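Fair warning: this is a prediction, and the values are worked out from it, not measured in the lab.
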Protein chains: 2
Amino acid sequence: MTDDDRPYHHGNLRRAVLDAALDVIAAQGPGAVSLRDLARRAGVSHAAPAHHFKDRAGLLTAVAAEGNALLAESLEAAADLEDLGVRYVRFALAHPAHFQVMYQPHLLHPDAPDLAAARDRVDRTLRAAIAALPDSDRGPDPERARLAAWSAAHGFATLALSGSLDASLAGHDDPAEVFRSFTHLMFNSAAR
Amino acid sequence: MTDDDRPYHHGNLRRAVLDAALDVIAAQGPGAVSLRDLARRAGVSHAAPAHHFKDRAGLLTAVAAEGNALLAESLEAAADLEDLGVRYVRFALAHPAHFQVMYQPHLLHPDAPDLAAARDRVDRTLRAAIAALPDSDRGPDPERARLAAWSAAHGFATLALSGSLDASLAGHDDPAEVFRSFTHLMFNSAAR
DNA sequence: AGGCAATCTAGTCAATGTAAAGATCGATCT
DNA sequence: AGATCGATCTTTACATTGACTAGATTGCCT
């Protein structure tokens, strides 16, 4: 018994809620996400999203899984490790909402199969890029090189998103290129 | 008109609430912090914490400020840049609750003077450590070296706290030493 | 045409954040 | 010592939220 013309079924509520969630997260952080608010934005009843995501954590898990999938897609197209690092940073800055949720386990359902699968994809891509390094650059311990590369990219991305680098990045138009400017140096030596 | 022996004034409610908050954050993340729950743990009425911290954000801002102060204290005792990086990682792992909150602007009051002051202290310490590098290691652009060093330490700490490195760190008893093992390599080259 | 599963609505309950107004205490001043 | 003032805490109240349940609606499949 609805007064308006709105059809009973939304059509693509899952995507609509996800998109609304991404807006809220990008603007106000994951803590500001309210299932009821997202329902209002999508023009459905307050309990409708629950059927698609079960939980608040379920919604954020879906965001994290989508984020990892998007990230994997970009990284898989990387030319080499440096390019992969730059792509990692670029992804974080282009998809801040996804990125913010991906590495906060407390917000997520620990063992969601699709999330784990997407993470594996990212992981394999990084390992492949390390393995593809020329011998002169890879160094004796690939695992160590992997941690170094991931830490550098992840740290830069995280700090940039948190605003901690605002002063340092003020002049530059593309923060990812700032990252490239020193990652290039670091990995001639991580190799040694 | 309270039935129990509990005195009207707690004595040190501010500290009690902060400590309870740190427990909750470390165990369940900042999202699980409830002012009412902390009040219950401290044995006071549910509105008592508000007088000390104003907001939920006010409480977390106090946590972040305290965290930065503790971090600054540790970093100021660092022998050199490598030691400073290891101390950064060690702090994050020893004070996960503080660290988790420090870099999430959405949880905090943007312009809290004490927080800004504590952050400045950390910032100055890092710049000093960069400046104290031998010429052969510092390289042409100190700012670039600063971003590289901070990114590496911050990324490793963040990834470790999020559990992303659990598999890689399984064998080692001190993750901070794993970090040292590759930061040492990186900065011979960031210098070049 | 009939039935079935997916999708959505409506109603409800406990928990939370936040605000306002009053009670209690302790320190300081005279 | 006694009064006063500010800080600390309690009580009450209200709007919002997450989560659960039962029921309504729809599209699809056979």
Side-chain angles (χ1 to χ4, degrees), chain A residues 1-21 23-25 27-64 101 104 106-110 112, chain B residues 1-21 23-25 27-63 101 104 106-110 112 114:
Chain A
M1 216 225 290
T2 52
D3 291 9
D4 41 83
D5 319 1
R6 164 168 62 91
Y8 194 91
H9 286 96
H10 179 281
N12 205 350
L13 181 57
R14 184 186 160 90
R15 175 94 323 249
V17 169
L18 276 175
D19 287 340
D23 283 351
V24 173
I25 298 172
Q28 323 222 34
V33 171
S34 141
L35 292 179
R36 291 176 110 102
D37 178 43
L38 301 182
R40 272 189 296 267
R41 294 182 186 227
V44 295
S45 90
H46 62 84
H51 192 272
H52 290 273
F53 303 103
K54 177 79 177 171
D55 261 338
R56 213 182 87 100
L59 165 63
L60 297 178
T61 302
V63 171
V101 170
Q104 291 207 251
H106 290 302
L107 301 177
L108 311 176
H109 281 150
Chain B
M1 212 224 287
T2 49
D3 291 11
D4 41 88
D5 318 2
R6 165 170 61 94
Y8 194 91
H9 287 95
H10 178 280
N12 205 350
L13 180 58
R14 185 185 160 89
R15 175 87 333 242
V17 169
L18 276 175
D19 288 340
D23 284 350
V24 173
I25 298 172
Q28 324 222 32
V33 170
S34 142
L35 292 179
R36 289 177 114 103
D37 178 44
L38 302 181
R40 272 190 295 268
R41 295 180 186 228
V44 295
S45 91
H46 63 86
H51 193 273
H52 289 273
F53 303 103
K54 176 79 177 172
D55 263 335
R56 214 183 87 101
L59 165 63
L60 297 178
T61 302
V63 171
V101 170
Q104 290 207 251
H106 290 302
L107 300 178
L108 311 176
H109 281 152
D114 52 340

- Which whole-number value in Å describes the distance from Asn12(A) CG to dA6(C) P? 17 Å
- Message: Going by side chain to side chain contact (heavy atoms under 4.5 Å, CB included), name the residues that satisfy it together with Arg15(A), two or more places apart in sequence or in a different chain.
- Response: Asn12(A), Leu18(A), Asp19(A), Glu66(A)
- Task: Between dG17(C), dC20(D), dT10(D), spot the one nearest the side chain of His46(A), thanks.
- Result: dC20(D)
- Query: Within this structure, what is the CG-to-P distance between Leu35(B) and dT16(C), rounded to whole angstrom?
  - Reply: 10 Å
- Task: Start with the C-alpha distance between Asp55(B) and His109(B), add both sets of side-chain angles, then the distance that settles side chain to side chain contact (heavy atoms under 4.5 Å, CB included), and finish with yes or no.
- Result: CA-CA 9 Å; Asp55(B) 263 335; His109(B) 281 152; 2.9 Å; yes
- Task: Just compare dC8(C), dC9(D), dG17(C) and give me whichever is closest to any side-chain atom of Leu13(A).
- Result: dC8(C)
- Message: What is the distance, to the nearest angstrom, from the CD atom on Gln28(B) to the C1' atom on dT16(C)?
- Response: 16 Å
- Item | Nearest-Å distance for atom pair CZ/P, residues Arg14(A) and dC8(C) | 12 Å
- dG17(C) phosphate, OP1 or OP2, under 4.0 Å from Ser34(B) side-chain N/O: yes
- Message: If you take any heavy atom closer than 4.0 Å to DNA chain C, which residues from residues 49-60 of chain A end up in contact?
- Response: His51(A), His52(A)
- From the candidates dT10(D), dC8(C), dT18(C), the one with an atom nearest any side-chain atom of Arg36(B) is dT18(C)
- Message: Heavy atoms only, 4.0 Å cut-off, all strands: where does Arg40(B) land among base, sugar-phosphate and nothing?
- Response: sugar-phosphate
- Please examine the side chains of Leu107(A) and Gln104(A), heavy atoms only from C-beta on, and report whether any two atoms are closer than 4.5 Å. yes
- Task: Considering non-hydrogen atoms only, spot the tightest contact between Ala20(B) and Arg41(B) and give its length.
- Result: CB-CD, 4.0 Å
- Query: What distance separates Lys54(A) NZ from Leu35(A) CG, expressed to the nearest 0.5 Å?
  - Reply: 12.5 Å
- Sequence-distant partners of Ile25(A), side chain to side chain contact (heavy atoms under 4.5 Å, CB included), two or more places apart: Pro30(A), Val33(A), Leu60(A), Ala97(A), Gln100(A), Val101(A)
